[in-house]
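A quick write-up on the structure given underneath.
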Amino acid sequence: MRSCRTIVFLLLVSATIVVAADNPKPASDLSFQQTVDRVVARERAFVVTMKGMRPLVETYIQNLHEDSDHNVGPVSDQYFLGRLDLNSGISDSLFHRQREGLLQHLSNPVSSALTYKYLPRGFAQMTILDPDFQKSHYQFTFVRREFLGEARCIVIDVQPKGKAREGLFTGRIWVEDRDFNIVRFNGTYSNHSNFTHYLHFDSWRFNLQTDVWLPSHIYVEESGTKRNSPLFHDLYLKAQTRLWAYDPETLSPAEEFTQIKVDNSVDDRPVAKDNSPVEAQRLWERMAEDNAVDHLQKIGLVSPAGSVDKILQTVVDNLIITNKLQIEPDVRCRVLLTLPLESFTIGHTIMISRGLLDVLPDEASLAMILAHELAHIALGHRVDTQLAFSDRFFFTDTETFQRLHFERDSTDEKAADNKAMELLVNSPYKDKLANAGLFLKALRDRSPELSSLISPQLGGRMESRNGSRMPELFASAPALEKQRLDQIAALPIGSRVKLDPWNNQLTMINAAPVALVSPREKMPFEVTPFFPSLSYSQTDKKLVAQRAANP
């Protein structure tokens, strides 16, 4: 069956999947043609593996423009979040904050010579090199061997043969030489027509479990005008696609039940005291809070508690201790795994998005965000207690942004701004708030072009036509000087944290500081390429160590 991988004008159709057997023969004993046979077999098996997965897939697109001085910057953006399903070809079910009419859902205009439709499934298709990968369809050319992190790879150029069908991959693949898995492929798809245009992309896979490499990052870039037909295309864009939530057992009640141990049948706990009305109200609100957080974590939108939460908690504790706040029950911090910049509270849980964490320039700017949310808690702005009833969560994953809302009204937001300033003035961050104000100025500067990036999914807006959050900090900040290399108001997307696509755990990026050599390298809020350091799973490392110890 013909398979089209276009992101404009055409929908994608399914392809027939055939599985080939694998052969574990060592790479050193294989000819190049035998190596290609193993690669093709592994890739076909990979497609079958992917059919059993339903990860979340997020795509963020920035459309670009180059001015007369050759400065390139975003002029508009788009954002998609959905769940990927390969069982009937490439399909996705999208998360929307608002219900969209048919016309609004189908059209996503981009300012260009033509009106373009960016289809989320077109970006998701870039996780698959070819759903019916066959050696007879391609010409393979050995290039070199190369390390991508700790994975030693065979680099191979791949081109369709002769008059091959439309939509075959053309470009370069990186194959780890232990099990012949494709871990990276870089290129486009062939034979586009006057009415379609295949984008260039760089697709990466991570070793998430023993012998399992799964798509994680895709970078897309187009920067040229195509004038090979009267209906030429003028695509100028950068985009990132991320995939996560592969593990279906992240919050498995069945697995948790098997871990329950009964020591004895005698209840030797002290007699419980009765709860006062105030305590009962607190417990009721905490139940609503826990229900919401647990639901968001279960469907893959919130990271399990981990090391990044502890960093956030340290900043919140600094604010609480230096301001001598008495808050019951305790304040907790969690990370929303989506890109759009937002923070909000669910009861006494402070939520901050992965995207917002990534672009904050320093700890004082983080303290500003957390102080605003802590202020909501200190002022007694409560959670909606209807969420204490579990039946409120009986809806599909894709309805989450329509059913759950945690934004505050303008009166509460203004009160939180004022209270947050009090908290910051009495905190260890009081002398470092200039950069926090600069971040707000950079956000205001870029907000007209990046409307999707600043549109929250669950909370309230940080930047709107009526003004910025924390206006006092905004007004007191120094002037935003884009040419100064020592003034970093905001970071590029993906600068702070990295996400484990299997279990949704977040960790801080372990990258050395880089000295900037030009203002263009500042790239506030911008999309950049991916270049992760690949590694084998921890289980694989243990197996290698065992083989070394017992040759």
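Only heavy atoms go into these numbers, but all of them, side chains included; no hydrogens, no water, no symmetry mates.
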Open item on the list: To the closest 0.5 Å, what do you measure between CG (Leu506) and CZ (Arg334)?
Closed with: 10.5 Å
Task: Minimum heavy-atom distance Val527-Lys238, with the two atoms named - done: O-NZ, 2.8 Å
Task: Residues that Gln134 engages under side-chain hydrogen bond (donor to acceptor under 3.5 Å, both in side chains), provided they are two or more places apart - done: Asp132
Task: Residue pair Met126 / Pro215, side-chain heavy-atom distance below 4.5 Å - done: no
Task: Test ring-ring contact (aromatic ring centres under 6.0 Å, His included) applied to Tyr79 - qualifying residues, sequence neighbours left out - done: none
Task: Student check: side-chain heavy atoms of Asn503 and Tyr246 closer than 4.5 Å - done: no
Open item on the list: Between Asp37 (side chain only) and Val39 (backbone N and O only), is there a donor and an acceptor less than 3.5 Å apart?
Closed with: no
Open item on the list: Do Thr349 and Asp290 make a side-chain contact, defined as non-hydrogen atoms from C-beta onward lying under 4.5 Å apart?
Closed with: no
TODO: Using the test ring-ring contact (aromatic ring centres under 6.0 Å, His included), find all partners of Phe32 that sit at least two apart in sequence or belong to another chain.
DONE: none
TODO: Starting from the C-alpha separation in whole Å, work towards a yes-or-no answer on side-chain hydrogen bond (donor to acceptor under 3.5 Å, both in side chains) for Thr241 and Thr59.
DONE: CA-CA 4 Å; Thr241 294; Thr59 295; 2.8 Å; yes
TODO: Would you please name every residue forming a side-chain hydrogen bond (donor to acceptor under 3.5 Å, both in side chains) with Trp244, sequence neighbours left out?
DONE: none
TODO: Apply salt bridge (Lys or Arg N to Asp or Glu O under 4.0 Å) to Asp77 and list each qualifying residue two or more places apart in sequence or on a separate chain.
DONE: none
Open item on the list: Applying side chain to side chain contact (heavy atoms under 4.5 Å, CB included) to Trp502 and Phe206, what does each step give before you reach the verdict?
Closed with: CA-CA 9 Å; Trp502 184 260; Phe206 285 5; over 6 Å; no
- [ ] Could you pull out all residues at least two apart from Glu66 that satisfy salt bridge (Lys or Arg N to Asp or Glu O under 4.0 Å)?
- [x] none
Task: Ser537 backbone acceptor or donor facing Asn207 side chain under 3.5 Å - done: yes
Open item on the list: Strictly distance-based, threshold 3.5 Å: is any side-chain N or O of Asp358 a donor or acceptor partner for the main-chain N or O of Val497?
Closed with: yes
Task: Set of salt bridge (Lys or Arg N to Asp or Glu O under 4.0 Å) partners for Glu58, sequence neighbours left out - done: Arg354
Open item on the list: I need the Arg38 CZ to Ile154 CD1 distance, nearest 0.5 Å.
Closed with: 11.5 Å
TODO: Check Pro524 against Arg446 and note the closest heavy-atom contact, atom names and distance.
DONE: O-NH1, 3.1 Å
- [ ] Verify side chain to side chain contact (heavy atoms under 4.5 Å, CB included) between Ile299 and Arg83, making sure each step is shown before the conclusion.
- [x] CA-CA 10 Å; Ile299 66 175; Arg83 196 173 290 283; 4.1 Å; yes
- [ ] Check side-chain hydrogen bond (donor to acceptor under 3.5 Å, both in side chains) between Gln505 and all other residues, then give those that pass, not counting sequence neighbours.
- [x] none
TODO: Inspect the contact between Arg42 and Asp179 and indicate whether a charged nitrogen and a carboxylate oxygen are less than 4.0 angstrom apart.
DONE: no
Open item on the list: Run the ring-ring contact (aromatic ring centres under 6.0 Å, His included) test against Tyr219 and tell me which residues pass, sequence neighbours left out.
Closed with: none
Task: Min side-chain heavy-atom separation Ile454-Pro340 under 4.5 Å - done: no
Task: Expected output: side-chain Gln78 to main-chain Tyr60 donor-acceptor under 3.5 Å - done: no
TODO: Please list all pairs passing the salt bridge (charged side-chain N to carboxylate O under 4.0 Å, His left out) test where one or both residues lie in residues 492-511, with sequence neighbours left out.
DONE: none
- [ ] To the nearest 0.5 Å, tell me how far Gln125 CD sits from Ser203 OG.
- [x] 10.5 Å
Task: Arg205 to Trp213, cation-pi by 6.0 Å centre distance and 45° axis angle - done: no
TODO: Kindly compute the distance separating CD (Glu146) from SG (Cys153), expressed to the nearest 0.5 Å.
DONE: 7.5 Å
TODO: Report the C-alpha separation of Leu534 and Glu150 in whole Å, then their side-chain angles, then the decisive distance to 0.1 Å, and conclude whether the side chain to side chain contact (heavy atoms under 4.5 Å, CB included) test is met.
DONE: CA-CA 6 Å; Leu534 299 185; Glu150 67 179 47; over 6 Å; no
TODO: Decide yes or no for Asn186 and Trp174: does some side-chain heavy atom of the first lie under 4.5 Å from some side-chain heavy atom of the second?
DONE: yes
- [ ] May I ask you to decide if Leu491's main-chain N or O and Ser495's side chain share a donor-acceptor pair within less than 3.5 Å?
- [x] no
Open item on the list: Checking side-chain polar atoms at under 3.5 Å, does Ser303 have a donor or acceptor matched by the opposite partner on Asn504?
Closed with: no
Open item on the list: So, taking the atom named OG in Ser190 and the one named CD in Gln159, what distance separates them when rounded to the nearest 0.5 Å?
Closed with: 10.0 Å
Task: Thr141 vs Ile156, side chain to side chain contact (heavy atoms under 4.5 Å, CB included): CA-CA, chis, key distance, verdict - done: CA-CA 6 Å; Thr141 305; Ile156 303 172; 5.7 Å; no
Open item on the list: Treating Glu222 as the side-chain partner and His200 as the backbone partner, does any N or O pair qualify as donor plus acceptor under 3.5 Å?
Closed with: yes
- [ ] Look at the side chain of Glu342 and the backbone N and O of Gln457, then say whether any donor-acceptor pair between them is shorter than 3.5 Å.
- [x] yes
TODO: Verify whether one side chain among Glu176 and Tyr536 offers a donor that lies under 3.5 Å from an acceptor in the other.
DONE: yes
Task: Ser353 side chain to Thr338 side chain, donor-acceptor N/O pair below 3.5 angstrom - done: no
Open item on the list: Among residues at least two apart in sequence or on other chains, which ones pass salt bridge (Lys or Arg N to Asp or Glu O under 4.0 Å) with Asp362?
Closed with: none
Task: Gap separating the CZ atom of Arg184 from the CD1 atom of Ile218, nearest 0.5 angstrom - done: 13.0 Å
Open item on the list: Between Gln240 and Thr528 (side chain of the first, backbone of the second, donor and acceptor by atom type, cut-off under 3.5 Å), is there such a pair?
Closed with: yes
Open item on the list: Tell me the closest heavy-atom pair linking Leu94 and Thr398, and the distance in Å.
Closed with: O-CB, 3.4 Å
Task: Check: Phe169 ring centroid to Phe133 ring centroid under 6.0 Å - done: no
Open item on the list: Treating Thr170 as the side-chain partner and Thr188 as the backbone partner, does any N or O pair qualify as donor plus acceptor under 3.5 Å?
Closed with: no
Open item on the list: Using a 6.0 Å cut-off, check whether atom CG of Asp67 has over 12 heavy atoms from anything other than its own residue.
Closed with: yes
TODO: Using modelled atom types only, decide if a donor and an acceptor are shared between the side chain of Gln297 and the backbone of Val293 within a distance under 3.5 Å.
DONE: no
- [ ] I would like to know whether Glu399 and Thr396 meet side-chain hydrogen bond (donor to acceptor under 3.5 Å, both in side chains); could you show each step before the answer?
- [x] CA-CA 5 Å; Glu399 294 180 281; Thr396 63; 3.0 Å; yes
TODO: Give the intermediate values and the outcome of salt bridge (Lys or Arg N to Asp or Glu O under 4.0 Å) for residues Lys135 and Glu43.
DONE: CA-CA 11 Å; Lys135 183 179 177 181; Glu43 184 65 11; over 6 Å; no
Task: Arg242 to Phe530 six-membered ring, cation-pi geometry met (6.0 Å, 45°) - done: no
Task: Partners passing ring-ring contact (aromatic ring centres under 6.0 Å, His included) against Phe201 (at least two apart in sequence or in another chain) - done: Phe185, Tyr189
